[in-house]
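What follows is one structure encoded as structure tokens, with my remarks underneath.
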Amino acid sequence: MPELPEVETVRRGLVPAMVGHAIKHVEQRRPDLRFPLPENFAGRLEGRTIESLERRGKYLLAHLSDGALLLMHLGMTGSFLISQSEKARGKKISRSGKLVVPTSRGTHDHVVFHMSDGATVTYNDPRRFGFMLLVEPEERDTHPMLRQLGIEPLGEELTAAHLAAKAHGKRTDLKAFLLDQRIIAGLGNIYVCEALYRAHLLPTRGAASIATATGKPTAKAEALVTAIRDVLNDAIGAGGSSLRDYRHTDGKLGYFQHRFAVYNRAGKKCPREGCGGTIERLVQSGRSTFYCPRCQR
DNA sequence: AAAAGCCCCTGGACGC
DNA sequence: TGCGTCCAGGGGCTTT
């Protein structure tokens, strides 16, 4: 799933098709994703224009012209595909007289947005861990799904001092700390592994070890902040990672997975020049961690 | 209050 | 070819 770089890539892909355009029609093909879709979902969207599309952590927030917010999360396997409607590209009729639907309809296409400019935006999600909710404008920061979110890692709030202050006194290991969306919003299993590798820090070390006894940042906290920013920016620059069913809004793949140093590379050589170590896998709080035991301390 | 498990769901990879 | 097992980018909820 989509972590911050993938969600940001999706957001950028959706903007031309959705922002500034009205939602003409919504096809809702099942009553629920992870949660039930909102009451009268299509009716509350149709006729509204999407004024902007924001990302907050791993969430997407579409600001609608009536003030409402369409809150969307991709879960593990959610993706959007943009295509042109039959009308916009001209209906194709086969010799038998049947309408040929230009876009193949996947079995897990759950919601289809038909936009006023002729684009269709299809939400596909095999595991249905994703969700869509409608949120009142004043709930932008207080809705239960958003209230607890921590800082944006690409904003100015991510500093060594901030991280150290949050880590001070924590009993968890550093990996669980970074995965906690209440601390930093948007990091997931891949980019936490990659950031820890870049910062030369063991995922199993205590979170509090990036701070002094009084909660001040150490050099480790500085290295971690730099590593987090760099890995996220590199991944966004590469269009995110495409693992399994994850795709861009245009159906193309993201290429960052070719640059994973540790994620999913157990048994392979550490890519660092002259290291010669082997990437190992371990399980922390039920999830795979990949790291280089020679580079990371 | 914080931390650790369990669970939601589908599908792909792998072993037999 | 078929079946069983394990694993997967997340996160809410329940239990300790």
Side-chain angles (χ1 to χ4, degrees), chain A residues 1-11 29-37 55-60 71-80 106-110 123-133 135 143-150 153 166-196 203-208 228 231-232 235-236 238-248 253-267 281-290:
Chain A
M1 106 26 107
E3 302 180 30
L4 187 152
E6 289 74 40
V7 177
E8 179 59 24
T9 301
V10 166
R11 190 193 69 78
R29 297 188 176 156
R30 53 174 302 126
D32 60 321
L33 296 170
R34 174 170 186 172
F35 307 118
L37 285 158
R55 181 191 56 71
R56 176 76 175 99
K58 300 174 196 171
Y59 291 85
L60 288 171
L71 177 65
M72 300 178 281
H73 195 288
L74 304 177
M76 292 274 268
T77 56
S79 65
F80 287 97
T107 44
H108 300 296
D109 290 350
H110 305 308
Y123 179 70
N124 180 283
D125 189 352
R127 291 175 75 179
R128 302 199 305 277
F129 286 170
F131 52 87
M132 296 186 189
L133 300 174
V135 170
H143 187 277
M145 297 287 184
L146 303 168
R147 185 177 49 211
Q148 303 240 62
L149 285 182
K166 290 286 187 187
H168 180 57
K170 283 274 192 303
R171 309 259 167 161
T172 34
D173 54 44
L174 190 51
K175 191 199 177 197
F177 173 76
L178 294 175
L179 277 176
D180 187 341
Q181 301 299 295
R182 297 170 300 179
I183 310 293
I184 299 175
L187 294 180
N189 207 32
I190 292 176
Y191 297 107
V192 165
C193 290
E194 294 294 317
L196 286 168
T204 48
R205 72 166 41 244
I228 290 167
V231 75
L232 294 178
I236 291 171
S241 312
S242 296
L243 290 174
R244 301 179 185 84
D245 42 9
Y246 175 71
R247 285 272 197 290
H248 285 190
L253 301 168
Y255 290 98
F256 192 75
Q257 77 274 18
H258 301 303
R259 297 203 223 152
F260 290 164
V262 291
Y263 184 80
N264 222 4
R265 296 193 68 244
R281 172 185 182 270
L282 61 82
V283 175
Q284 286 176 287
S285 49
R287 314 194 58 186
S288 291
T289 297
F290 301 91

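All heavy atoms count here, side chains included; hydrogens, waters and symmetry mates do not. In what follows, chains are A, B, ... by sequence order, proteins preceding strands, each numbered from 1.
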N/O to N/O distances under 3.5 Å, protein versus nucleotides 1-6 of chain B:
unit_1 : atom_1 : unit_2   : atom_2 : d
B/dA3  : OP1    : A/Arg171 : N      : 2.8

What nitrogen or oxygen pairs link the protein and nucleotides 2-7 of chain C at under 3.5 Å?
none

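Comparing the P positions of B/dG11 and C/dG12 gives an interatomic distance of 24 Å, to the nearest angstrom.
Every residue two or more places apart in sequence or in another chain that forms a side-chain contact (heavy atoms from CB on, under 4.5 Å) with A/His108 is listed here: A/His110, A/Asn124, A/Pro126. Applying the side chain to side chain donor-acceptor pair (under 3.5 Å) rule to A/Arg34 yields no partners; only residues at least two apart in sequence or on another chain are considered. In this structure, A/Tyr59 has no side chain to side chain donor-acceptor pair (under 3.5 Å) partners at least two apart in sequence or on a different chain. Applying the salt bridge (Lys or Arg N to Asp or Glu O under 4.0 Å) test to A/Arg182 and every residue at least two apart in sequence or in another chain returns A/Asp180. Every residue two or more places apart in sequence or in another chain that forms a side chain to side chain donor-acceptor pair (under 3.5 Å) with A/Ser288 is listed here: A/Arg281. Residues meeting the side-chain contact (heavy atoms from CB on, under 4.5 Å) test with A/Ser285, sequence neighbours left out: none. Applying the ring-ring contact (aromatic ring centres under 6.0 Å, His included) criterion to A/Phe129, with sequence neighbours excluded, gives no partner residue. Taking the side chain to side chain donor-acceptor pair (under 3.5 Å) definition, one finds that A/Arg205 meets it with A/Ser209, sequence neighbours left out.
The minimum heavy-atom distance between A/Arg11 and A/Arg55, with the atom names listed, is CD-N, 3.6 Å.
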Exercise for the section: Give the C-alpha distance, both sets of side-chain angles, the deciding distance and a yes or no for side-chain contact (heavy atoms from CB on, under 4.5 Å) between A/Leu146 and A/Leu71. Expected result: CA-CA 10 Å; A/Leu146 303 168; A/Leu71 177 65; 3.9 Å; yes
Problem - Worked verdict on A/Leu133 versus A/His143 for side-chain contact (heavy atoms from CB on, under 4.5 Å) - result: CA-CA 11 Å; A/Leu133 300 174; A/His143 187 277; 4.1 Å; yes
Fill in the blank from the handout: B/S/- along nucleotides 11-16 of chain C (protein heavy atoms under 4.0 Å) is BS----
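Helical stems involving DNA chain B, defined as 3 or more consecutive Watson-Crick or G-U pairs under 3.5 Å, span B:2-8 with C:10-16, B:10-16 with C:2-8.
For the pair A/Arg128 and B/dC8, the criterion of a side-chain N or O lying under 4.0 Å from OP1 or OP2 is not met. Residue A/His108 places none of its side-chain N or O atoms closer than 4.0 Å to OP1 or OP2 of B/dC9.
One atom, CE of A/Met72, and another, P of C/dG10, lie 18 Å apart when rounded to the nearest Å. Between A/Arg127 atom CZ and B/dT10 atom P there is a gap of 10 Å when expressed in whole angstrom units. Note: CZ (A/Phe129) to P (B/dT10) measures 9 Å, nearest angstrom. In this entry the distance linking NE2 of A/His110 with C1' of B/dC8 reads 13 Å, nearest Å.
Checking A/Asp173, A/Thr204, A/Asn189 one by one against A/Gln284, the side-chain hydrogen bond (donor to acceptor under 3.5 Å, both in side chains) holds for a single residue, A/Asp173.
In this structure, A/Phe260 and A/Tyr191 have perpendicular ring planes: the angle between them is above 60°, well past the 30° mark.
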